[in-house]
Amino acid sequence: MTAHTLDELLAEGVRGRHVLVRSDLNVPLDGSTVTDDGRVRASLPVIAKLAEAGARVIVMAHLGRPKGIPDEKYSLRPAVDRLAELAGFPVRLANDVVGPSAQELAAALGDGEVLVLENVRFDARETSKVDAERQEFARELADLTGQNGAYVDDAFGAVHRKHASVYDIASLLPSYLGELVRAEVEVLRRLTEGAERPYVVVLGGSKVSDKLAVIDNLIGKADRLLVGGGMLFTFLAAQGHEVGSSLLEADQIGTVQDYLERATAAGTEFVLPTDVVVASKFAADADHEVASADAIEGTAFAEAGIGLDIGPETAAAFAKEIAAAKTVFWNGPMGVFEFPAFAAGTKAVAQALADATTAGALTVVGGGDSAAAVRTLGFADSQFGHISTGGGASLEYLEGKELPGLTALGA
Ligand code: ADP
Ligand code: MG
């Protein structure tokens with residue numbers, strides 16, 4: 001990695017300089033309550049280090065997907081309040097991104113003070129496909145730093161985006177790689193370059209189509225691919241089973257069949273569920289029963305049955321595969337863990353990863369919902385080798401794609 005690092009910036013000296021930091025404060029919210037502050041915690045060290053060194057810190061971040069206009073629902077306020085609480089020093093939030101409030105507060109920053117700009121996606125130019133629009137926005141962001149500014153990219157969760165605050169800004173200011181991004185890339189590199197075997201990948205979550213590219217890339221690299229979550233039903237359908245009213249991406253069945261065929265020859269074994277928890281409806285209090293994977297429509301709910309979790313036999317089989325692994329990457333909950341009745345599969349996999357960590361395996365959890373799941377199910381971050389702050393970014397890295405945010409920094 002030839003990119004300049006945060007340590008190099010600190011060695012140059014930052015006292016009195018405005019430093020723009022791209023952080024990932026994209027936390028899950030319930031109203032205005034942060035339900036998982038993992039990304040805020042992960043972002044704090046770099047912000048605090050810069051502040052302690054006397055920098056005038058301006059943080060850029062996004063939250064959710066506002067449509068390029070200010071929208072109170074997507075304000076960074078809850079994340080910023082949590083950041084200030086964890087930091088133990090005041091953190092101000094501008095009312096806009098590059099408007100009068102941001103300009104005034106940025107100019108007024110004292111050494112060691114921290115300002116957060118409002119959600120960068122309140123400005124449509126942030127995500128524009130038109131280079132000139134993004135560059136114009138990046139210029140306005142860079143201008144907030146006055147003379148002698150610098151840019152630090154610490155938002156791993158956004159490095160796969162060609163956005164103004166991630167990509168274009170790096171060509172306008174001296175740029176440095178934050179420690180969070182560096183640490184993430186280091187771990188992911190261990191998964192892609194000579195992972196210790198057996199290398200087991202556990203995939204779940206809601207959409208097969210989101211994960212197909214990574215499956216494609218992992219065939220021939222991983223020893224075993226364990227499939228749970230909503231996507232398992234497309235796999236079962238590809239094997240010719242009925243799946244009732246479960247999540248099914250019928251247009252992906254052919255692709256999945258092709259993967260199943262290719263895998264054996266490539267030395268990768270798919271491990272598919274043998275049983276699932278079938279519910280009467282998509283609800284926390286739905287009636288449910290365990291069904292064999294080839295008899296989902298044989299429950300009391302017949303064709304109306306919806307698979308909401310892997311079954312106990314599958315959970316035990318997955319745990320056994322994970323226990324035998326030296327390297328484990330997990331993305332995507334095994335079931336609708338948000339409903340306690342359907343969280344057992346996810347909990348079993350999390351426990352298996354935690355045990356594997358203790359036994360000396362490298363365990364990596366990637367994905368926003370997966371990270372939230374392990375925390376809400378009562379696991380500590382320290383029970384895993386690494387919890388990635390970036391779901392999409394970690395998957396794209398494993399897909400072997402070029403990540404614009406890293407390219408822009410020469411990483
Ligand atoms: P991540 O953010 O970790 O990458 P995803 O966003 O792909 O994960 O998927 C997370 C979502 O998948 C969760 O909200 C969970 O409820 C949902 N999910 C898991 N299993 C099922 C299922 N069987 N049916 C419907 N949704 C599911
Ligand atoms: Mg998700």
Side-chain angles (χ1 to χ4, degrees), residues 24 26-30 35-36 38-39 63-65 156-158 160 188 201-215 226-237 241 243-249 252 272-273 275-284 286 288-291 293 296 299 301 304-311 314-315 318 328-350 353 364-377 379 384 386-399:
D24 181 3
N26 189 24
V27 289
L29 293 176
D30 182 3
T35 52
D36 175 21
R39 285 175 168 164
L63 187 108
R65 296 181 179 220
F156 180 72
H160 59 312
L188 291 174
V201 176
V202 192
L203 293 172
S206 48
K207 283 179 98 188
V208 190
S209 43
D210 278 356
K211 322 259 167 155
L212 283 181
V214 76
I215 293 175
L226 282 41
V227 180
M231 58 192 278
L232 77 87
F233 302 99
T234 306
F235 277 80
L236 293 183
H241 301 317
V243 298
S245 302
S246 309
L247 258 191
L248 173 67
E249 288 185 59
Q252 306 291 352
L272 301 180
D275 61 348
V276 292
V277 180
V278 180
S280 59
K281 55 181 177 182
F282 190 91
H288 51 90
E289 56 183 89
V290 175
I296 290 177
T299 68
F301 325 119
I306 312 177
L308 293 186
D309 196 9
I310 55 172
T314 303
F318 282 10
V328 189
F329 175 73
W330 173 27
N331 171 277
M334 295 292 98
V336 184
F337 73 94
E338 295 92 338
F339 302 154
F342 308 105
T346 303
K347 199 166 184 179
V349 164
L353 258 80
V364 180
V365 183
D369 292 292
S370 308
V374 298
R375 295 191 184 110
T376 49
L377 292 172
F379 293 87
F384 306 94
H386 181 72
I387 299 185
S388 177
T389 52
S394 57
L395 285 178
E396 290 200 16
Y397 189 96
L398 294 185
E399 281 164 31

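When a ligand or atom number is given, it counts from 1 through the structure's own listing order. None of the values given here were measured: they were computed from a predicted structure. Computed over heavy atoms, backbone and side chain alike; hydrogens, waters and symmetry mates excluded. Quick note: residue numbers are just sequence positions, from 1.
- Atom 18 (N) of ligand 1 has G335 O, 3.9 Å as its closest protein atom, hydrogens excluded (heavy atom only).
- Looking from atom 8 (O) of ligand 1 to the surrounding protein, the closest heavy atom is P333 CD, 3.6 Å.
- At the shortest separation from atom 7 (O) of ligand 1 among protein heavy atoms lies K211 NZ, 2.9 Å.
- Minimum heavy-atom separation, F337 to D369: CZ-O, 3.7 Å.
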Verdict with supporting geometry, D275 and T314, side-chain hydrogen bond (donor to acceptor under 3.5 Å, both in side chains): CA-CA 6 Å; D275 61 348; T314 303; 2.5 Å; yes

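- Among protein heavy atoms, atom 13 (C) of ligand 1 sits closest to E338 OE2, 3.3 Å.
- When distances from the Mg ion (ligand 2) to the N, O or S atoms of D369 are compared, OD2 comes out shortest.
- Two residues are said to be in side-chain contact when any heavy atoms from C-beta on lie closer than 4.5 Å; D309 and M334 meet this criterion.
- Annotation for ligand 1: atoms under 4.0 Å from non-hydrogen atoms of G367 are 1 (P), 2 (O), 3 (O), 4 (O).
- The shortest heavy-atom distance from G229 to ligand 1 is under 4.0 Å.
- The shortest N or O to N or O distance between D309 and ligand 1 is not under 3.5 Å.
- The closest side-chain heavy-atom distance from L247 to I306 is not below 4.5 Å.
- Residues F282 and V336 share a closest heavy-atom pair of CE1-CG2, 3.8 Å.
- Comparing N331, V277, V336 by heavy-atom distance to atom 26 (N) of ligand 1, the nearest is V336.
- Of all non-hydrogen atoms in P273 and V276, the two that sit nearest each other are CB-CG1, 4.4 Å.
- When the options G368, P28, G332, S206 are ranked by their closest heavy atom to atom 12 (O) of ligand 1, first place goes to S206.
- Numbered from 1 in the order shown, with element, the atoms of ligand 1 that lie under 4.0 Å from a heavy atom of L247 read 25 (C).
- Ligand 1 has a nitrogen or oxygen under 3.5 angstrom from a nitrogen or oxygen of G307.
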Verdict with reasoning, E249 to S209, per side-chain hydrogen bond (donor to acceptor under 3.5 Å, both in side chains): CA-CA 8 Å; E249 288 185 59; S209 43; 2.7 Å; yes

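- For ligand 1, the atoms lying closer than 4.0 Å to a non-hydrogen atom of L308 are 23 (N).
- Close contacts between ligand 1 and F233 involve ligand atoms 23 (N) [criterion: under 4.0 Å to a heavy atom].
- Of the candidates G228, G230, G204, G230 brings a heavy atom nearest to atom 21 (C) of ligand 1.
- The single protein non-hydrogen atom nearest to atom 3 (O) of ligand 1 is S370 OG, 2.5 Å, given as residue, atom name and distance.
- Here the closest non-hydrogen pair linking A350 and V374 is CB-CG1, 4.0 Å.
- Heavy-atom proximity to atom 1 (P) of ligand 1, evaluated over V374, I310, D369, is greatest for D369.
- In the displayed structure, K347 atom NZ is contacted under 6.0 Å by at most 12 heavy atoms of other residues, nucleotides or ligands.
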Verdict with reasoning, V328 to V202, per side chain to side chain contact (heavy atoms under 4.5 Å, CB included): CA-CA 8 Å; V328 189; V202 192; 4.2 Å; yes

Ring pair (Phe, Tyr, Trp, His ring centres under 6.0 Å) evaluation trace for F233 with H241: CA-CA 9 Å; F233 302 99; H241 301 317; over 10 Å; no

